[in-house]
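First comes the structure, then the notes that go with it.
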Amino acid sequence: MPKALVMGSGGREHALAWRLAKDLGKENVWLHPGNGGTVYAGFPAFPAAKSPAEVVAAAKALGIDLIVIGPELLLAEGYSDHLREQGFPVCGASRFAAQLETSKVFAKEFMSRHNVPTAAFRVAKSPEELATILSTVKYPTVLKLSGLAAGKGVVLPNTREEALQFSDRVWQQNEFGPGPHEIVVEDVLPGTEISWIGLCYGKQFTPLPSATDYKRVFDGHKGPNTGGMGVISPSPYETPELAEKIRTQVVARVLEGLVQERIDYRGALYIGIMISPGGDPFVLEFNTRFGDPETQGTLPRVRGNFYEILLAVANGAAPEKLDVDPRTTIYVVAAAEGYPGNYRKGMEITDRGHDSADSWLFFSGVSFSDNRLKANGGRVLGSCGIASEKGLARDLAYRRLQEVTFEGRFFRTDIGNL
């Protein structure tokens, strides 16, 4: 039986391992480093490894046949390149290709070169440049720190004063490191957001099931943005007409750009898209990886041999067309008190229920010791339900989530209803 390694520690990686285990058996799927919840769920522990060389040595000893990389930081550090050089099939963008996510400037200029629809933008490389640009824009506007910022590098200031506060955080307070820094200033795009995620391999792109992510922390789309508080798949905004527009106006142009610039892309490509009031797609951002929490809400709808699909992508070949379950999935995140700000840790998690064929848990920020689960992150875990009707999928997801408690736990109650 083939063996697979999933690199990363969040709910996305748990979902990837869970789906691969359906094809390979749980005993043949490792996570590195995984989290306490994945250990609790019964996945074997990968040997401790702190460098690409140590990962290679352990993977060779285990006879790993496929490596799937989850987090953007590992892609930015070049793990895909190194592991491929050592002969492993890797589903994960190269370091150069990952610049579509790790550099907002690279991504915007790539879109500009290849006529991919996106918001108008300008780039500031100093606080003085930014101050000049801010004197000419309409508010609210969008400011994006070019590099990786753990989800904290995007703000939507309503005034010039608010924008200058972000400038001060970047260049004076060094909140995001010593730099050098670049900030992209964009127009605000009105409309409805949709996540368009697929498997990209050379000249082709195979869409995964569509999804809509709920980013605000509280019901009614209120409160600060988060990494994602829930998912519905398929997206309620998906239509055949919209899918065709995205295919021709966005995906085809991105693929053409990758080919023209000889960018070797083998992995998941996440395209965050704003659908204008007129029904046209505009790209908000690229993520060069599986989305989190979109992965937890979409992979349960992927039928067939997912291992063979990812292996084909890793080898730069076209997998068979995806067979997608027509049912609806609802995924709801349970977060720790204080999230997305400073959150509590160490609360014991009690699970009085059990997973079934139509509802289950994915663990994210969780530790496991002395046979006890404890909250160890902002987004602690999530519950997924699948059913032929959206209402039933919601009921299943929330019912499973109510069986899991920890002090200070909270979650949105409107996932799938807005």
Side-chain angles (χ1 to χ4, degrees), residues 72 100-109 111-112 116-127 129-173 175-176 181-196 212-231 237 270-278 280-287 291-294 335 339-342 378-379 412 414 418:
E72 63 274 23
L100 287 169
E101 175 172 5
T102 61
S103 170
K104 298 291 190 299
V105 173
F106 181 92
K108 295 293 285 192
E109 292 178 346
M111 286 188 274
S112 180
V116 177
T118 189
F121 73 99
R122 283 178 282 179
V123 178
K125 298 183 179 181
S126 69
E129 275 190 273
L130 180 60
T132 299
I133 293 172
L134 292 176
S135 298
T136 65
V137 301
K138 293 181 179 180
Y139 292 91
T141 191
V142 183
L143 303 184
K144 295 180 178 179
L145 187 67
S146 183
L148 294 176
K152 299 180 180 179
V154 179
V155 295
L156 280 77
N158 290 302
T159 65
R160 186 172 187 271
E161 288 68 30
E162 289 181 10
L164 290 173
Q165 289 174 9
F166 183 67
S167 174
D168 187 65
R169 289 168 57 197
V170 172
W171 279 297
Q172 303 304 320
Q173 300 176 28
E175 182 177 328
F176 303 97
H181 294 297
E182 294 178 307
I183 290 180
V184 175
V185 184
E186 290 185 359
D187 292 345
V188 173
L189 292 174
T192 302
E193 190 170 345
I194 185 172
S195 305
W196 203 260
T212 289
D213 176 18
Y214 291 69
K215 294 188 181 299
R216 299 283 184 174
V217 69
F218 299 128
D219 285 8
H221 302 312
K222 296 178 181 178
N225 274 328
T226 70
M229 294 298 291
V231 172
Y237 308 111
Y270 171 120
I271 309 175
I273 294 175
M274 184 67 77
I275 307 304
S276 74
D280 293 315
F282 290 84
V283 175
L284 296 172
E285 64 175 351
F286 294 114
N287 290 336
D292 186 347
E294 289 89 349
Y339 178 79
N342 294 324
R379 292 184 294 172
R412 284 184 60 160
D414 60 354
L418 289 177

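These numbers were taken from a predicted model, which means no experiment stands behind them.
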Checklist line | Set of side chain to side chain contact (heavy atoms under 4.5 Å, CB included) partners for Asp187, sequence neighbours left out | finding: Ala120
Got a second to check how far [X]'s [atom1] is from [Y]'s [atom2], nearest 0.5 Å?
X      : Y      : atom1 : atom2 : result
Arg122 : Ile133 : CZ    : CD1   : 5.5 Å
Phe282 : Ile273 : CZ    : CD1   : 11.0 Å
Ser195 : Tyr270 : OG    : OH    : 3.5 Å
Leu130 : Asp168 : CG    : CG    : 11.5 Å
Met229 : Tyr339 : CE    : OH    : 7.0 Å
Lys104 : Leu145 : NZ    : CG    : 7.5 Å

Within the side chain of [X], is there an N or O that forms a donor-acceptor pair under 3.5 Å with the backbone of [Y]?
X      : Y      : value
Ser167 : Ala163 : no
Thr118 : Val283 : yes
Glu162 : Arg160 : no
Thr141 : Val188 : no

Item checked: Set of residues satisfying ring pair (Phe, Tyr, Trp, His ring centres under 6.0 Å) with respect to Tyr214, sequence neighbours excluded -> His221
Less than 4.5 Å apart, side chain to side chain, heavy atoms only: is that true for [X] and [Y]?
X      : Y      : value
Leu134 : Leu143 : yes
Trp171 : Ile183 : yes
Val154 : Glu285 : no
Ser276 : Leu189 : no

Checklist line | Lys108 with Glu186: basic N within carboxylate O range, under 4.0 Å | finding: yes
Check: Has Asn158 got more than 12 heavy atoms of other residues, nucleotides or ligands less than 6.0 Å from its CG?
Finding: yes
For [X] and [Y], work out which heavy atoms get closest and say how close.
X      : Y      : value
Gly228 : Pro293 : CA-CD, 3.8 Å
Arg412 : Arg216 : NH1-O, 2.9 Å
Ser112 : Phe121 : CB-CE2, 4.4 Å
Pro190 : Met274 : O-CG, 3.6 Å
Pro224 : Pro340 : CG-CG, 3.7 Å

Notebook entry, point to check: Between Tyr237 and Ile275, does a side-chain contact (heavy atoms from CB on, under 4.5 Å) hold up when you go through it step by step?
Noted result: CA-CA 9 Å; Tyr237 308 111; Ile275 307 304; 5.7 Å; no
Next item on the list: Verify side-chain contact (heavy atoms from CB on, under 4.5 Å) between Phe286 and Ile271, making sure each step is shown before the conclusion.
Entry: CA-CA 5 Å; Phe286 294 114; Ile271 309 175; 4.0 Å; yes
Margin query: Walk me through whether Phe176 and Arg169 qualify under side-chain contact (heavy atoms from CB on, under 4.5 Å).
Written below: CA-CA 8 Å; Phe176 303 97; Arg169 289 168 57 197; 3.6 Å; yes
